[in-house]
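Structure, as structure tokens:
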2 protein chains.
Amino acid sequence: MSEAASRRIPDVTVERLPVYRRAAMDLLSAGMRAASSDLLAKRAGVSAATLRKDLSYLGSFGTRGSGYELSFLLGQVDRQLGLDRAWPIAIIGIGNLGRALASAPGFAGRGFRVAALLDVDPHVVGQFVNGIEILHLEELPRMADKSQIAIGVITTPARAAQEVAGALEAVHTMAILNFAPVVLQVGKGVAVRNVELATELQILSFHRLHRF
Amino acid sequence: MSEAASRRIPDVTVERLPVYRRAAMDLLSAGMRAASSDLLAKRAGVSAATLRKDLSYLGSFGTRGSGYELSFLLGQVDRQLGLDRAWPIAIIGIGNLGRALASAPGFAGRGFRVAALLDVDPHVVGQFVNGIEILHLEELPRMADKSQIAIGVITTPARAAQEVAGALEAVHTMAILNFAPVVLQVGKGVAVRNVELATELQILSFHRLHRF
DNA sequence: GATTGTGAACCTATTCACAGCA
DNA sequence: TGCTGTGAATAGGTTCACAATC
């Protein structure tokens with residue numbers, strides 16, 4: 001088999017692809033052309049067997065005896081993740097966290113561009129962050145007409161998050177990154193990822209407590 | 001069985017406990033005293049069977065016919081997560097993200113308090129964020145002498161993160177929440193959780209692309 | 001009658017181990 | 001000889017379904 005297998009890629013594998021991508025980038029900019037599953041896995045913090053099985057879902061493009069050609073690997077991962085274009089993202093809720101994200105390196109990186117900043121507070125609407133004007137949430141449909149919003153990032157207080165999710169769904173945004181501490185109720189077609197600070201701290205607290 | 005089973009709690013269960021905690025809090029402040037696994041599960045976005053099995057690892061304290069007593073449930077979860085004290089946390093790297101976290105509601109919530117803000121930039125050291133003075137990273141050992149840092153939060157650029165992780169390990173901080181895009185190499189006893197903005201967007205991008 | 005607690009069945013993910021190829 | 005790709009074995013997690021019991 002030499003072309004990408006159309007076997008379904010497991011969710012856990014998808015979650016690791018960005019890590020492999022970074023490992024490949026790092027080694028590439030350190031001047032390497034190829035790397036073994038062993039080295040890549042070490043950099044990614046997984047076992048070599050896991051990495052090999054994960055990559056096998058994208059097709060088999062390693063070379064026995066010498067490993068994976070890094071730029072090819074990067075290309076395969078980018079293609080799977082859809083990073084060959086710059087998807088427009090909107091950030092809704094421009095408080096401290098929203099502002100920080102608007103200028104975060106991760107958000108300006110390959111594959112994405114901040115297309116809109118939205119809020120409902122009249123004191124905030126009209127300000128500029130990182131050269132982008134903050135619009136009123138009501139402008140979302142007009143905004144989405146001009147450039148379809150691929151991913152909505154919710155950084156509002158908890159009580160506003162569900163309503164914002166609905167507004168995003170209404171303009172056919174099919175992916176939401178939610179920082180608000182609520183479980184969003186959305187249609188089946190919408191992909192949601194939750195990032196929660198309190199949750200992360202609580203999980204760490206558990207592990208700290210149950211050491212030994 | 002009526003006291004907490006000392007069966008090992010699976011990792012996935014631990015990751016869901018904070019969500020159950022929130023669901024219980026919400027229902028409690030809506031005036032309810034008890035709730036069924038069905039209702040709680042709906043609020044938490046999991047199946048009722050999963051929730052019941054998860055809670056059974058903490059002991060069996062539901063009441064057949066009427067569900068779980070919410071304040072007791074909350075107490076059990078808090079005890080497991082170690083939220084009966086306020087653990088001191090340190091944030092290292094006080095850029096936009098570090099500042100946002102320092103004043104984020106999730107970080108001031110039950111179970112934690114921001115005990116130290118650290119950076120290496122002389123322009124930043126000495127400033128105050130949310131009433132807390134930013135100290136130089138070199139002050140970490142002195143700081144940790146006064147109050148043992150339970151959790152370190154790394155919000156530095158990628159290149160500095162590994163060194164900071166080492167400094168935290170040196171002062172016996174056994175839990176790290178890492179926002180920098182690197183896989184940290186730490187000793188076996190240290191619990192690490194990674195939160196990465198670029199990674200989250202890339203995962204969402206995949207799911208959007210592979211809808212249908 | 002309502003709802004939990006939990007074995008048993010099922011499904012998913014990781015690790016092993018080695019044949020197959022450069 | 002070195003390293004990938006992958007079936008087979010194992011471990012871990014979810015769902016089913018129903019007896020127990022308030």
Side-chain angles (χ1 to χ4, degrees), chain A residues 1-17 19-20 23-24 27 32-70 72-73 76-77 80 203 206-207 210, chain B residues 1-17 19-20 23-24 27 32-70 72-73 76-77 80 203 206-207 210:
Chain A
M1 181 197 324
S2 95
E3 241 327 293
S6 56
R7 208 128 89 277
R8 185 191 150 272
I9 303 180
D11 280 356
V12 275
T13 295
V14 173
E15 294 179 0
R16 285 188 293 255
L17 290 180
V19 186
Y20 301 156
L27 293 172
M32 299 188 65
R33 299 190 80 83
S36 67
S37 60
D38 232 339
L39 177 57
L40 281 163
K42 203 153 287 160
R43 295 298 196 102
V46 300
S47 77
T50 294
L51 180 135
R52 288 206 300 278
K53 184 142 285 195
D54 282 344
L55 293 187
S56 80
Y57 293 119
L58 316 193
S60 27
F61 48 84
T63 310
R64 285 157 209 247
S66 65
Y68 298 86
E69 212 260 290
L70 291 169
F72 191 80
L73 167 53
Q76 292 297 304
V77 172
Q80 282 297 333
I203 295 168
F206 176 93
H207 287 306
H210 292 76
Chain B
M1 178 195 329
S2 97
E3 241 327 292
S6 56
R7 209 125 89 279
R8 184 192 150 272
I9 302 180
D11 280 355
V12 275
T13 296
V14 173
E15 294 179 2
R16 283 188 294 255
L17 290 181
V19 187
Y20 301 156
L27 292 172
M32 299 186 65
R33 299 190 81 81
S36 68
S37 60
D38 232 341
L39 176 57
L40 281 164
K42 204 153 286 160
R43 296 299 196 102
V46 301
S47 77
T50 295
L51 179 134
R52 288 206 300 277
K53 185 143 283 199
D54 282 345
L55 293 187
S56 80
Y57 293 118
L58 315 194
S60 27
F61 48 85
T63 311
R64 287 159 209 245
S66 64
Y68 298 87
E69 213 261 289
L70 291 169
F72 191 82
L73 168 53
Q76 292 298 302
V77 172
Q80 282 298 333
I203 295 168
F206 175 94
H207 288 305
H210 293 75

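Naming convention: chains lettered A, B, ... in sequence-line order (proteins, then strands); numbering from 1 in each chain. Hydrogens, waters and symmetry mates play no part in the numbers below; they use all other heavy atoms, side chains included.
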ask   = Where do V12(B) and T50(B) land on the side chain to side chain contact (heavy atoms under 4.5 Å, CB included) test, with the steps shown first?
value = CA-CA 10 Å; V12(B) 275; T50(B) 295; over 6 Å; no

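- Looking at every heavy atom in both residues, D11(A) comes nearest to H207(B) through OD1-CE1, 3.8 Å.
- Shortest non-hydrogen contact noted between F61(B) and L55(B) is CE2-O, 4.2 Å.
- For F72(B) and dT4(C), the CZ to P distance is 15 Å, given to the nearest whole Å.
- In this structure, I9(B) places its CD1 atom 16 Å from C1' of dG12(D), rounding to the nearest Å.
- Spacing between atom CZ of F61(B) and atom C1' of dT3(C) amounts to 15 Å, rounded to whole angstrom units.
- Computed from coordinates, the K42(A) NZ to dC3(D) C1' distance equals 14 Å when rounded to whole Å.
- One distance of note links CD1 of I203(A) with CZ of R16(B); it measures 11.0 Å at 0.5 Å rounding.
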Check: protein-nucleotides 20-22 of chain D nitrogen or oxygen pairs below 3.5 Å:
from	atom 1	to	atom 2	distance (Å)
dA20(D)	N3	R64(B)	NH1	2.7
dC22(D)	O2	R64(B)	O	3.4

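- We find that CG of L39(A) is positioned 15 Å from C1' of dT4(D), with the value rounded to whole Å.
- Annotation: ring pair (Phe, Tyr, Trp, His ring centres under 6.0 Å) contacts of Y20(B) (sequence neighbours excluded): none.
- Between Y68(B) and dA2(C), a side-chain N or O to OP1/OP2 separation shorter than 4.0 Å is absent.
- Distance L58(B) CG to dG5(C) C1': 13 Å, rounded to the nearest Å.
- Scanning all heavy atoms of the two residues, the minimum distance from H210(A) to Q80(B) falls at CE1-O, 3.2 Å.
- Annotation for S66(B) and A34(B): closest pair O-CB, 4.2 Å, computed over non-hydrogen atoms.
- The distance from atom CG of L70(B) to atom P of dT4(C) is 12 Å, rounded to the nearest whole Å.
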Report all interatomic pairs (protein N or O, nucleotide N or O of nucleotides 11-18 of chain C) with separations under 3.5 Å.
from	atom 1	to	atom 2	distance (Å)
dT14(C)	OP1	R16(A)	NH1	2.9
dT14(C)	OP2	R16(A)	NH2	2.9
dT15(C)	OP2	S47(A)	OG	3.2
dT15(C)	OP2	T50(A)	OG1	3.0
dT15(C)	O4	K53(A)	NZ	3.4

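- The shortest heavy-atom contact between L17(B) and V77(B) is O-CG1, 3.9 Å.
- Atoms CG (L40(B)) and C1' (dG5(C)) sit 15 Å apart, rounded to a whole Å.
- The heavy-atom pair separating R43(A) from L27(A) by the smallest distance is NH2-CD2, 3.5 Å.
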